[in-house]
Amino acid sequence: MELNRRSFLKKALAAGSLAAGTGSLLSACSGIRRSDLPDQTLSEHTLNQLDKLGNSILYYASLAPSGHNSQPWYVRVLSQNEWIIGVDPDRRLPAVDPGNREVMLSIGAFAENLSIAAGTFGLKAEMEVIASDPFEQDVIKVTLRKAKPVDYPLQRITRRMTVKHGYLSNEIKQEDIRALSEHLKERLFYFPRGTDHAACIEEGAIENFRIQVRRDDAQKELVQWVRLSNKEAERHRDGLTLEGMEIRGFKGWFVRNFINPEDFMKPSFRKQSVDQIAKFARQGGGWLVITGEGQTVLDLCDSGRRFERMALKARERNIAIQPMTQYLEEESGLKQIAAEHERRVVPHFVLRVGYLNTYPEPVSLRRPVSWFVRL
Ligand SMILES: Cc1cc2nc3c(=O)[nH]c(=O)nc-3n(C[C@H](O)[C@H](O)[C@H](O)COP(=O)(O)O)c2cc1C
């Protein structure tokens, strides 16, 4: 890597001016985190046509996970009680998700957060999947009706996160698997570390990551969603920040100041990311696989909702979860799964799982509600 003093100084100064511009919250030495940005529930983001309650519900919905944190959703407000959840075509990931499979899962997770949040505020969110193919833009019609408030801790939504580092190798306890399976009856499978199946998933996850990293189109797409500088991150409030990728401390500072998005295309960088993923894949208490009925919009949105229900319960049990999706994105992974399983087995998520000693706080950024609402 070439260290160019002038460009370093320019970048360091740029980072410094951002720090000054955003007050004492940000510093050139740390990456931007969710807590550095204004609270999205504050009224400054309330839209005139969407009441404060609607704004809050959509804020919670927006904390859903999504591939590359692309946040593929929009919400069309038809009236105060009728909304459409749709897919913004500019937020698709055509190189790794050409069939919009993962987009539908993410939309499902968004819908689940929406439904839970509405429930706590005394509104039942009736959901009707209106899209019949995954390329239709309008996907779910939501009708909000008055109901008895549901008791649900919304901190589960605000504190859920995808964790990458620090997985312990202990087997996940039966009682925890039972709790995680509550909304995934007969669809959640746990393969503890040390079993043949877990070893097979581990190797498949690494191998398919390696295959994907060699694909220029997938790598270019990734680069589009990487937010290296705090300034970029703050401007977009989506994508993969260094904090989100858990690249912190000196390494984070170095990457922020010396690495350009184009460096991701270099063979040395690709090799490093395979090594990193292999290290992750070999940590943890094994693998979870969520299967579904099929690959229709309904199947995928339903799975996304159930996955989110499960993910929301992980933190209080000290369990970390990381989707490792390349297995389901690469032809070789899909062929291997098809060859070794019955046809009716349709995996929707492959997830690394493990206990943590310390659970970090969420850092990934979200667009404010006003950025994805269409009136
Ligand atoms: C359908 C889907 C696929 C995902 N695939 C991956 C993946 O392959 N690797 C990974 O590290 N995270 C993956 N994620 C997690 C996202 O990167 C994460 O949700 C996003 O960056 C936001 O961070 P958060 O979950 O901490 O809020 C996936 C999430 C979803 C919903």
Side-chain angles (χ1 to χ4, degrees), residues 31 33-35 59-73 87 91-93 95-97 99-113 134 156-165 167 201 204-206 208-213 218 221-222 225-227 233 236-247 273-274 276-281 283-284 287-290 292 295 300-301 303-312 314-315 320-330 333 347-353 359-367:
R33 298 170 190 195
R34 193 180 297 169
S35 55
Y59 159 72
Y60 286 109
S62 76
L63 299 179
S66 59
H68 289 2
N69 195 23
S70 74
Q71 305 169 34
W73 43 78
V87 173
R91 295 181 170 273
R92 292 185 52 235
L93 305 172
V96 296
D97 182 27
N100 272 5
R101 193 190 74 84
E102 290 161 44
V103 166
M104 292 298 126
L105 294 170
S106 306
I107 292 288
F110 178 93
E112 185 60 22
N113 279 6
R156 281 187 180 169
I157 295 183
T158 52
R159 299 186 75 203
R160 181 213 56 80
M161 66 178 295
T162 305
V163 186
K164 296 184 172 73
H165 277 102
Y167 285 48
I201 299 176
I206 299 168
N208 286 289
F209 186 89
R210 184 178 289 122
I211 291 169
Q212 186 166 100
V213 153
E221 184 169 273
L222 173 69
W225 291 100
V226 169
R227 311 285 177 233
H236 292 280
R237 302 212 195 170
D238 61 11
L240 303 168
T241 57
L242 293 178
E243 285 288 329
M245 292 187 276
E246 298 181 24
I247 303 173
S273 47
V274 175
Q276 178 65 264
I277 285 294
K279 217 164 114 185
F280 284 155
Q283 281 173 8
W287 296 83
L288 295 173
V289 175
I290 295 177
Q295 306 277 25
L300 294 166
C301 287
S303 239
R305 290 190 68 170
R306 290 171 191 275
F307 159 73
E308 179 65 353
R309 271 261 165 192
M310 178 196 77
L312 291 172
R315 183 183 193 109
I321 290 174
Q322 182 192 15
M324 283 197 150
T325 313
Q326 293 71 30
Y327 215 141
L328 305 177
E329 291 170 341
E330 294 304 315
H348 283 173
F349 284 96
V350 174
L351 309 161
R352 190 164 68 95
V353 65
Y359 220 107
E361 291 303 318
V363 289
S364 64
L365 305 183
R366 292 299 185 278
R367 291 175 296 155

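Whatever order the structure lists ligands and atoms in, that order sets their numbers, starting from 1.
Under a 4.0 angstrom heavy-atom cut-off, R101 registers as lying outside contact with ligand 1. Ligand 1 has S106 within reach: a non-hydrogen atom of the residue lies less than 4.0 Å from it. The closest approach between H348 and ligand 1 stays at or above 4.0 Å for every heavy atom of the residue.
T325 contributes atom OG1, which lies 7.0 Å from atom CZ of R101 (distance to the nearest 0.5 angstrom). Here the straight-line distance linking atom CG of L105 with atom CZ of F307 works out to 8.5 Å at 0.5 Å rounding. Separating the OG atom in S364 from the CG atom in L240 is a distance of 9.0 Å, to the nearest 0.5 Å.
Exactly one residue among R160, R159, R34 makes a salt bridge (Lys or Arg N to Asp or Glu O under 4.0 Å) with E361. That residue is R159.
N208 places a side-chain N or O within donor-acceptor distance of the main-chain N or O of G333, the cut-off being under 3.5 Å. Remark: side-chain polar atoms of R156 are not paired, donor with acceptor, to backbone N or O of R315 under 3.5 angstrom. The closest donor-acceptor contact from the side chain of R352 to the backbone of A320 lies at 3.5 Å or more, if one exists at all.
With sequence neighbours excluded, the residues that form a side chain to side chain donor-acceptor pair (under 3.5 Å) with R309 are E112.
With a 4.0 Å cut-off on non-hydrogen atoms, L240 touches ligand 1 through its side chain and not its backbone. Within the 4.0 Å heavy-atom criterion, neither part of M104 lies near ligand 1. No part of M245 comes within 4.0 Å of ligand 1, judged by heavy-atom distances.
Nearest protein heavy-atom contact of atom 9 (N) of ligand 1 is P323 O, 2.9 Å. Closest protein heavy atom to atom 19 (O) of ligand 1: P65 CB, 3.1 Å. When hydrogens are left out, the protein atom nearest atom 26 (O) of ligand 1 is T162 N, 2.9 Å; that is the closest non-hydrogen contact. Atom 11 (O) of ligand 1 has as its closest protein heavy atom Q322 NE2, 2.8 Å. Nearest protein heavy-atom neighbour of atom 2 (C) of ligand 1: G67 N, 3.9 Å.
Residues G67 and L93 approach most closely at O-CD1, 3.6 Å, considering heavy atoms. Between V103 and D97, the shortest heavy-atom contact is N-OD2, 3.0 Å.
The R34 neighbourhood of ligand 1 comprises atoms 27 (O), with distances under 4.0 Å to a heavy atom of that residue. Atoms of ligand 1 lying under 4.0 Å from any heavy atom of M161, numbered from 1 in the order shown and given with element: 26 (O).
Looking at D238, T325, N69 and measuring to atom 5 (N) of ligand 1, the nearest heavy atom belongs to T325. Across E102, K164, R160, heavy-atom proximity to atom 1 (C) of ligand 1 is greatest for E102. The option with the heavy atom closest to atom 18 (C) of ligand 1, from among S62, S364, S66, is S66.
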